[in-house]
Colleague: 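Encoded as structure tokens, here's the structure I'll be asking about.
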Amino acid sequence: MSLLEKLGQDPQRSMKRFLSGLGLFVIGLALIFLGIYQSHIWQIIGLVILACGCLFAIYGYIGMFANRLYHIVNRTKD
């Protein structure tokens with residue numbers, strides 16, 4: 001199984017990962033802005049959640065991109 005096939009085998013799951021990561025990113029941003037007016041602990045928690053959200057969204061986006069690229073490459077081989 002090629003790397004493109006493995007990464008892009010389930011585009012619906014990749015989309016869910018991407019949207020979950022995007023949601024975590026927004027929550028992290030909200031916590032960072034909350035930390036401006038409250039305790040700085042909120043900013044630290046927000047940065048951790050923001051970083052996790054970015055990684056999760058990147059992983060989901062790579063899966064969606066791999067699926068598209070796999071179909072383009074296989075369509076041109078035929």
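Starting from 1, each residue takes its place in the sequence as its number.
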Colleague: Which donor-acceptor pairs under 3.5 Å do the side chains of residues 53-68 make with protein atoms, sequence neighbours left out?
Modeller:
{"unit_1": "Asn67", "atom_1": "ND2", "unit_2": "Gly8", "atom_2": "O", "d": "2.6"}

Colleague: Rounded to the nearest 0.5 Å, how far does OG of Ser2 lie from CG of Leu7?
Modeller: 8.5 Å
Colleague: Rounded to the nearest 0.5 Å, what separation is found between the NZ atom of Lys6 and the CG atom of Leu3?
Modeller: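 Going from the NZ atom of Lys6 to the CG atom of Leu3 covers 9.0 Å.
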Colleague: Examine Tyr37 and Leu50 and state if one hydrophobic cluster contains both, with Ile, Leu, Val, Met, Phe, Trp and Tyr joined whenever side-chain heavy atoms are less than 4.5 Å apart.
Modeller: no
Colleague: Going from CD1 on Ile27 to CD1 on Ile45, what distance comes out if it is rounded to the nearest 0.5 angstrom?
Modeller: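 Atom-to-atom, Ile27:CD1 and Ile45:CD1 are 13.0 Å apart.
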Colleague: Listing request: all side-chain hydrogen bond (donor to acceptor under 3.5 Å, both in side chains) pairs with a residue in residues 11-34, at least two apart in sequence or in separate chains.
Modeller: Asp10-Arg13
Colleague: Just verifying a value: how many Å separate Ile41 CD1 and Leu34 CG, rounded to the nearest 0.5 Å?
Modeller: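 These two atoms lie 12.0 Å from each other.
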Colleague: Using 0.5 Å steps for rounding, measure from the CG atom of Leu47 to the SG atom of Cys52.
Modeller: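 Reported value, rounded in 0.5 Å steps: 11.0 Å.
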Colleague: Kindly compute the distance separating CG (Leu24) from CG (Leu31), expressed to the nearest 0.5 Å.
Modeller: 10.5 Å
Colleague: Does the side chain to side chain contact (heavy atoms under 4.5 Å, CB included) test come out yes or no for Ile36 and Gln43, once each step is laid out?
Modeller: CA-CA 8 Å; Ile36 293 173; Gln43 288 182 327; 3.7 Å; yes
